[in-house]
Amino acid sequence: MSKSPSVVMIGLGYIGLPTAALIAQNKTYVHGVDINPSVVDTINQGKIHIVEPELDTAVARAVKEGYLKAATTPVEAHVYLIVVPTPFKAKNEPDISFVEAATRAILPLLKAEDLFIIESTSPVGTTEKMMDLIYTERPELNGKINIAYCPERVLPGNVMYELVHNDRVIGGVDDKSTVKAVAFYSQFIKGALHKTNARTAEMCKLVENSSRDVQIAFANELSLICDKADINVWELIALANKHPRVNILQPGCGVGGHCIAVDPYFIVAEYPMESQIIGKAREINNYKSFWCAEKVQTAKLEFELKHGRKPSIALMGLAFKPNIDDLRESPAKYIVQKVLQNANNEEYYIVEPNITDHKVFKITGFKEAIKQADIIAFLVAHDEFKTLAIPSNKVVLDFCGVLN
């Protein structure tokens, strides 16, 4: 089966591929675009290059039925979705060059009444900048293209469900664009679709993740205070949360992923004087990772002084959050790198149960690591770690509440 695509999806990563598969499940032809030829080849074989429950089945079916095809270049369609990375330049300044490159790639293909949607996390005003680019390069289309912004709102590990059931905020550059974008998403999303303008939708995405970052920073700051005060932070938070209007999150070894650890900088970079709390939260959460690495170093030296030999150390987890394989912006990965920089002939066991190998680290099974290590540092609260029997002679550093 081969039909002209209705939708071109530029970017087939953690959000783009699940979204493409979801649209294809609704019997809509999707042409996915990725600059990585191996990703394209993998998808065209009906396979996936990322770990996400139910995604493999959805992609396999969509490819087999002919509703999803991948390529390295776009083709003409009616709807264009931009779901590419927005990394940083120096000093945590957002880089929208990938969004611009994706927009330029489809410029020759655009025609009147097409729908152009950005889903990539972007600084406020990005959608309007792409509108200006389109109309500068294609002035005959001025006012004739529907342009909107609609950020994703999903939890890794539950993406296929949340893409369908979560509410979405959709903001067009004008009312007509908003209405057309809402009509498009309503075909495959069951959650409520909230209309606004593009700038508000862009800021909404940034604010959602900044709010989470600030709340996590409060929990991480409590963990630093409790360590000095000789108080069990997990017990403290559990007790404080008995208050009917208190809901403190759980501390960890920092904040990672390509959302919560990144999006606040989009606000701070544009509004540095106004975003004092947001900026400070980023500092606290980054410092927590450094603090954890220092704690491992201290435990290592204390063990050597006490036992007269160098310890073997298990570093438990590399992902940015529990039960996924995603290592982007991972504080655990940073801690492992920091600890290994200070290595001095100790034996290290690096554990990540959700991946089989890594181009830098040698991965060890978690049971073997627990058996061999003198010091066990829990960096990520993977489910596999929560049922482990830890011998009493081990030194345990629990940075993420595995034992609580």
Side-chain angles (χ1 to χ4, degrees), residues 216-217 219-234 250-257 261 280-322 327-353 355 358-382 385 388 390-404:
I216 295 169
N220 279 334
E221 188 169 272
L222 282 181
S223 71
L224 302 176
I225 295 168
C226 287
D227 183 71
K228 280 198 170 184
D230 193 25
I231 293 171
N232 183 320
V233 68
W234 314 100
Q250 300 297 297
C253 64
V255 173
K280 193 64 180 178
R282 281 281 71 237
E283 292 178 22
I284 292 168
N285 287 330
N286 285 337
Y287 173 72
K288 185 64 186 295
S289 303
F290 173 82
W291 182 87
C292 291
E294 290 296 297
K295 280 288 185 180
V296 175
Q297 181 74 3
T298 299
K300 181 174 70 174
L301 296 175
E302 288 176 348
F303 184 95
E304 191 171 349
L305 286 172
K306 182 177 180 179
H307 297 278
R309 65 177 177 86
K310 293 185 180 297
S312 54
I313 302 169
L315 301 170
M316 308 291 288
L318 285 174
F320 81 79
K321 61 173 287 184
L327 274 55
R328 291 179 297 174
E329 311 295 331
S330 170
K333 186 175 70 172
Y334 165 82
I335 292 166
V336 171
Q337 291 170 334
K338 190 77 175 173
V339 169
L340 293 182
Q341 284 174 2
N342 295 318
N344 187 16
N345 297 320
E346 303 90 6
E347 187 78 26
Y348 287 93
Y349 302 96
I350 300 167
V351 176
E352 178 44 67
I355 63 175
H358 189 272
K359 61 183 179 182
V360 175
F361 308 122
K362 178 185 176 183
I363 303 298
T364 301
F366 58 89
K367 292 181 180 178
E368 178 68 14
I370 294 295
K371 179 181 177 182
Q372 298 294 338
D374 299 303
I375 299 173
I376 301 166
F378 287 109
L379 308 179
V380 187
H382 291 309
F385 301 163
L388 288 172
I390 310 295
S392 59
N393 64 332
K394 307 287 186 178
V395 177
V396 178
L397 303 173
D398 184 7
F399 297 125
C400 52
V402 168
L403 304 181
N404 288 273

* To do: Rounded to the nearest 0.5 Å, what's the gap from SG on C226 to CD on E221? Could you check?
  => 11.0 Å
* **Atom pair CG (D374) and CD (E346), whose distance is rounded to the nearest 0.5 Å** => 11.0 Å
* Asked: Between E352 (side chain) and A319 (backbone), is there a donor-acceptor pair under 3.5 Å?
  -> yes
* Close side-chain approach of V396 to V402, heavy-atom, < 4.5 Å -> no
* Report the C-alpha separation of L224 and Y287 in whole Å, then their side-chain angles, then the decisive distance to 0.1 Å, and conclude whether the side chain to side chain contact (heavy atoms under 4.5 Å, CB included) test is met. => CA-CA 10 Å; L224 302 176; Y287 173 72; 3.8 Å; yes
* Structure fact -> In short, side chain to side chain donor-acceptor pair (under 3.5 Å) pairs touching residues 393-404 with sequence neighbours left out are none
* Asked: Shortest non-hydrogen contact from P322 to A381?
  -> CB-O, 3.3 Å
* Structure fact -> Interatomic distance, CZ@F378 vs CG@L388, rounded to 0.5 Å, equals 5.5 Å
* **Backbone N/O of A369 and side chain of T364: donor-acceptor pair under 3.5 Å** => no
* So, E368 and K371, do they make that salt bridge, N to O below 4.0 Å? -> no
* Asked: Which pair of non-hydrogen atoms, one from L327 and one from K333, has the smallest distance, and what is that distance?
  -> O-NZ, 3.6 Å
* Mind listing the closest non-hydrogen atom pair of Y348 and A343 along with its distance? => CE1-CB, 3.6 Å
* What closest approach, in Å, do Q337 and F361 show between heavy atoms, and which atom pair accounts for it? -> CG-CZ, 3.7 Å
* To do: Could you pull out all residues at least two apart from K321 that satisfy salt bridge (charged side-chain N to carboxylate O under 4.0 Å, His left out)?
  => none
* Test log, rule side chain to side chain contact (heavy atoms under 4.5 Å, CB included), inputs F303 and K310 -> CA-CA 7 Å; F303 184 95; K310 293 185 180 297; over 6 Å; no
* To do: Take I376 and I370 through the side chain to side chain contact (heavy atoms under 4.5 Å, CB included) test and state the conclusion after the steps.
  => CA-CA 7 Å; I376 301 166; I370 294 295; 3.6 Å; yes
* How are the rings of W291 and F399 set relative to one another: parallel (under 30°), tilted (30 to 60°) or perpendicular (over 60°)? -> perpendicular
* To do: Locate the shortest heavy-atom distance separating F366 from M316; write the atom from each residue and the value.
  => CB-CE, 3.9 Å
* **Interatomic distance, I225 atom CD1 to I231 atom CD1 [nearest 0.5 angstrom]** => 9.5 Å
* Could you tell me whether a side-chain N or O of N220 sits under 3.5 Å from a main-chain N or O of G252, the two making a donor and an acceptor? => yes
* Look only at the side chain of S330 and the backbone of L318, and say whether a donor-acceptor pair between them is shorter than 3.5 Å. => yes
* Inter-residue atom distance K300.NZ - Q297.CD, 0.5 Å rounding -> 4.0 Å
* Decide yes or no for S223 and K288: does some side-chain heavy atom of the first lie under 4.5 Å from some side-chain heavy atom of the second? => yes
* Apply side chain to side chain contact (heavy atoms under 4.5 Å, CB included) to the pair E329 and V255, showing each step before the final yes or no. => CA-CA 8 Å; E329 311 295 331; V255 173; over 6 Å; no
* **Residue list, side-chain contact (heavy atoms from CB on, under 4.5 Å) with K338, at least two apart or on another chain** => F290, A293, Y334, Q341
* Asked: Can you tell me how far the CD1 atom of I375 sits from the CD atom of E302, to the nearest 0.5 Å?
  -> 8.5 Å
* Asked: Which atom pair, heavy atoms only, marks the closest approach of L315 to V339?
  -> CD1-CG1, 4.2 Å
